[in-house]
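A short worksheet on the structure shown next.
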There are 2 protein chains.
Amino acid sequence: MVKVPVPGKSVRGSKSGSPIMAMFDLLGRRWAMGVLWTLSEQGPLTFRALQDACETISPAVLNSRIKELRTAGFVELGDNGYLVTALGAEVYEALLPLSRVSTAWAEAIAQLESAETKTTD
Amino acid sequence: MVKVPVPGKSVRGSKSGSPIMAMFDLLGRRWAMGVLWTLSEQGPLTFRALQDACETISPAVLNSRIKELRTAGFVELGDNGYLVTALGAEVYEALLPLSRVSTAWAEAIAQLESAETKTTD
DNA sequence: TAGCACGCTATTGAATTCGTAGCACACTAT
DNA sequence: ATAGTGTGCTACGAATTCAATAGCGTGCTA
């Protein structure tokens with residue numbers, strides 16, 4: 001039995017189960033976004049290939065996340081391994097802006113650190 | 001001492017600390033996205049107001065998330081309570097597409113359930 | 001001095017995650 | 001048939017994280 005957040009049911013952050021809060025509950029778990037991201041970028045991957053791609057994920061957690069993402073309808077198991085569904089691809093697309101911001105974030109931090117080195121310019 | 005993922009350092013999913021993986025590590029924690037979302041939508045909120053807005057978050061976790069989000073530079077404490085920074089606002093904007101997808105997701109699930117009721121149309 | 005609201009911490013127990021080992025199954029080559 | 005390999009996946013104990021509640025220290029008001 002897997003406990004997966006579903007929009008419409010009570011989830012963390014919303015007793016009414018507003019879709020965005022259900023999404024946050026589902027994706028706000030360790031590795032959830034990373035697995036979806038990796039699977040979207042590196043095409044169909046077997047369980048072990050996916051595990052390798054995630055570098056440090058344990059099979060237990062990977063299995064949990066896969067079950068959750070499959071229940072949510074974001075991921076499915078094909079002949080060549082796991083792959084994202086059409087809906088999962090949409091989620092991936094929705095994550096792209098976050099990637100852009102993360103780059104800006106990294107640059108902001110890099111500047112902060114170089115500023116520290118020269119005692120605040 | 002707070003352990004916050006930072007792009008460039010080793011984070012979950014990437015030893016090299018790729019920005020997106022650092023972002024996933026930071027936002028992929030319980031309530032992280034929910035707090036940022038709530039704060040972005042409901043303007044400056046005091047600690048307790050924010051806690052109420054999140055319905056079921058405990059002060060310990062809220063405090064942790066706030067510290068992490070402040071360290072990341074997404075949130076700051078102003079005169080009228082906590083509010084998102086410019087960078088935090090960008091993250092919120094980047095989360096908007098996810099909100100749209102979550103609605104589509106909710107509709108897909110609603111259809112699945114009504115389909116179940118009438119034994120697959 | 002007694003309330004009260006603020007941000008926040010301490011504590012204890014539950015839930016989640018981690019890391020490792022290994023199972024059951026299928027396919028292949030010997 | 002038997003050994004080897006790769007598959008998805010599970011079990012287990014330890015470590016980490018989270019939850020729920022109580023309460024601290026401060027500043028304000030009366």
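Each chain gets a letter, A, B and so on, in the order the sequences are listed, and its residues count up from 1. None of these values were measured; they are calculated from a predicted model.
- With rounding to whole Å, A:Arg29 atom CZ is found 12 Å from C:dT17 atom C1'.
- With respect to the salt-bridge test (charged N to carboxylate O, under 4.0 angstrom), the residues B:Arg29 and B:Glu68 qualify.
- At whole-Å resolution of the value, CG in A:Asp25 and C1' in D:dC18 are 13 Å apart.
- Following rounding to the nearest Å, B:Arg30 (CZ) and D:dT16 (P) show an atom-to-atom distance of 17 Å.
- For D:dC18, one of the phosphate oxygens OP1 or OP2 lies less than 4.0 angstrom from a side-chain nitrogen or oxygen of B:Arg65.
- With distances taken from any side-chain atom of A:Ser58 to the nucleotides C:dG19, C:dT17, D:dA20, the minimum falls on C:dG19.
- Rounded to whole angstrom, the span from the CG atom of A:Leu50 across to the P atom of D:dG8 amounts to 9 Å.
- Summarising the geometry of A:Gln42 relative to A:Ala53, their closest heavy-atom pair is OE1-CB, 3.7 Å, with the distance given to 0.1 Å.
- Annotation for B:Arg65 and B:Arg30: closest pair NH1-O, 2.9 Å, computed over non-hydrogen atoms.
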Contact list (N/O, under 3.5 angstrom) for nucleotides 9-15 of chain D vs protein:
residue	atom	partner	partner atom	Å
D:dC9	OP2	A:Tyr82	OH	2.1
D:dT10	OP2	A:Asn63	ND2	2.2
D:dT10	OP2	A:Lys67	NZ	3.4

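- Between A:Trp37 and B:Phe24, the angle of the ring planes goes over 60°, which puts this pair in the perpendicular group of the 30/60° scheme.
- Inter-residue side-chain proximity for A:Pro59 and A:Phe47 is flagged as met; some heavy-atom pair is nearer than 4.5 Å.
- One finds no side-chain N or O of B:Ser64 lying less than 4.0 angstrom from the OP1 or OP2 phosphate oxygen of D:dC18.
- Applying the side-chain hydrogen bond (donor to acceptor under 3.5 Å, both in side chains) test to every pair with at least one member in residues 78-102 of chain A, sequence neighbours left out, gives these pairs: A:Glu41-A:Tyr92.
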